[in-house]
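Notes for the one structure printed next.
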Amino acid sequence: MYFNKKIGWRTIKTATSVGIVITLFEWLNRGSGLLACLSAVYSLQTNTSQSVTFGKNRIIGNILGVFCAIFILLVQTSGWLPEAIALNLGTAVGIILLINLCNLFNLSHLVFPASAAYLVVILGDHGNDVIGYGLNRVLDTIIGSLISLAVNYVLPNPHLQDNY
């Protein structure tokens, strides 16, 4: 089994980003920060430019997934179908809708982040405030991406220094 004995800067930056997210969420009493942490990990790339692109994609994907989830949840809770059928069928139909929307707008690279956000909202504990819960998950993603971007910008990038 191969184990890299050297811990690189990207690993340190990722761990730093996650640590900052968790600390910030504890201070703000925002809950677990799961989506913010995932967003921080996903967004932290080799350089700042790539981090901006990945962070933007994560945010756009989450917005798409959250709004699709809000729509499906509003339909599910309308009482048209029994609750168990509405949850199972509605969740599956929402995934189909979401993937097709991504493909329709040539955004297939957003299927994963959109689906993850969709499922977090659909299956999450949103109580009666589906819209507030969904919007807070988008905010979590923005926070995680921005922290990751700031950490990537502030901490050194040895790969870029080698080019000078």
Side-chain angles (χ1 to χ4, degrees), residues 1-73 91 94-95 98-99 101-103 105-127 129-164:
M1 180 161 103
Y2 175 78
F3 182 76
N4 188 356
K5 295 175 187 160
K6 178 183 169 192
I7 297 175
W9 272 106
R10 187 169 169 194
T11 303
I12 292 168
K13 290 177 185 185
T14 302
T16 301
S17 296
V18 168
I20 291 170
V21 166
I22 292 169
T23 302
L24 180 65
F25 273 60
E26 285 179 6
W27 285 346
L28 298 176
N29 199 26
R30 281 193 62 79
S32 75
L34 173 64
L35 278 181
C37 288
L38 289 173
S39 188
V41 170
Y42 181 83
S43 298
L44 207 136
Q45 297 298 311
T46 306
N47 58 50
T48 305
S49 175
Q50 286 179 331
S51 290
V52 168
T53 300
F54 274 72
K56 182 179 73 174
N57 287 342
R58 181 74 185 194
I59 291 167
I60 293 169
N62 276 30
I63 290 169
L64 198 61
V66 163
F67 281 108
C68 188
I70 289 170
F71 172 75
I72 293 297
L73 282 168
T91 301
I95 286 289
L98 188 58
I99 292 170
L101 279 173
C102 288
N103 290 334
F105 293 107
N106 200 25
L107 300 171
S108 59
H109 60 286
L110 299 181
V111 167
F112 175 75
S115 297
Y118 170 80
L119 291 169
V120 164
V121 173
I122 285 284
L123 302 174
D125 184 18
H126 43 72
D129 188 14
V130 174
I131 294 172
Y133 182 83
L135 294 177
N136 273 305
R137 300 304 67 87
V138 170
L139 181 59
D140 292 352
T141 301
I142 292 169
I143 291 169
S145 294
L146 289 176
I147 287 173
S148 180
L149 183 61
V151 167
N152 205 15
Y153 181 78
V154 170
L155 292 181
N157 189 339
H159 298 291
L160 294 179
Q161 292 171 355
D162 291 343
N163 294 332
Y164 295 107

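The figures that follow rest on heavy atoms only: side chains count, while hydrogens, waters and symmetry mates do not. Numbering starts at 1 and runs along the sequence shown.
We find the CD1-CD1 distance between I142 and I147 to be 12.0 Å, quoted to the nearest 0.5 Å. How far OG of S145 is from OH of Y42: 9.5 Å, rounded to the nearest 0.5 Å. With values rounded to the nearest 0.5 angstrom, I131 atom CD1 is found 10.0 Å from L73 atom CG. Taking SG of C68 as the start and CD1 of I122 as the end, the distance is 7.5 Å to the nearest 0.5 Å. For the atom pair CG (L24) and CG (N29), the distance works out to 11.5 Å, reported to the nearest 0.5 Å.
A donor atom on one side chain and an acceptor atom on the other are not found under 3.5 Å apart for S108 and N103.
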Could you go through residues 15-23 and list every donor-acceptor pair under 3.5 Å that involves a side-chain atom there, pairing it with any protein atom two or more places apart or in another chain?
| residue | atom | partner | partner atom | Å |
| --- | --- | --- | --- | --- |
| T16 | OG1 | I12 | O | 2.7 |
| S17 | OG | K13 | O | 2.9 |
| T23 | OG1 | G19 | O | 2.9 |

Please tabulate, for the side chains in residues 54-63, all donor-acceptor contacts under 3.5 angstrom to protein atoms that are two or more places apart in sequence or on a different chain.
| residue | atom | partner | partner atom | Å |
| --- | --- | --- | --- | --- |
| N57 | ND2 | T53 | O | 3.4 |
| N62 | ND2 | T141 | OG1 | 2.2 |

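With N152 contributing its side chain and Q45 its backbone, the two residues share a donor-acceptor pair below 3.5 Å.
Pairing each heavy atom of S32 with each of F25, the nearest pair is C-CD2, 4.4 Å. Smallest separation of non-hydrogen atoms from Y133 and V121: CE2-CA, 3.8 Å. The two residues V66 and A117 have their closest heavy-atom pair at CG2-CB, 4.2 Å.
Residue D129 places its CG atom among more than 12 non-hydrogen atoms of other residues, nucleotides or ligands, all under 6.0 Å distant. Environment of CZ in F67: sparse, with no more than 12 heavy atoms of neighbouring residues, nucleotides or ligands closer than 6.0 Å.
Among residue pairs with one or both ends in residues 131-149, those qualifying as salt bridge (Lys or Arg N to Asp or Glu O under 4.0 Å) are R30-D140, R137-D140; sequence neighbours excluded.
Looking only at side-chain heavy atoms (C-beta outward), S43 and L149 stay at 4.5 Å or farther from each other. When side chains are defined from C-beta on, L139 does not count as touching L135, because their heavy atoms never get closer than 4.5 Å. In this structure, the side chains of L107 and L101 stay at 4.5 Å or more apart for every pair of heavy atoms.
Under the side chain to side chain contact (heavy atoms under 4.5 Å, CB included) rule, Y118 has a single partner from L123, I70, L64, T91, which is T91.
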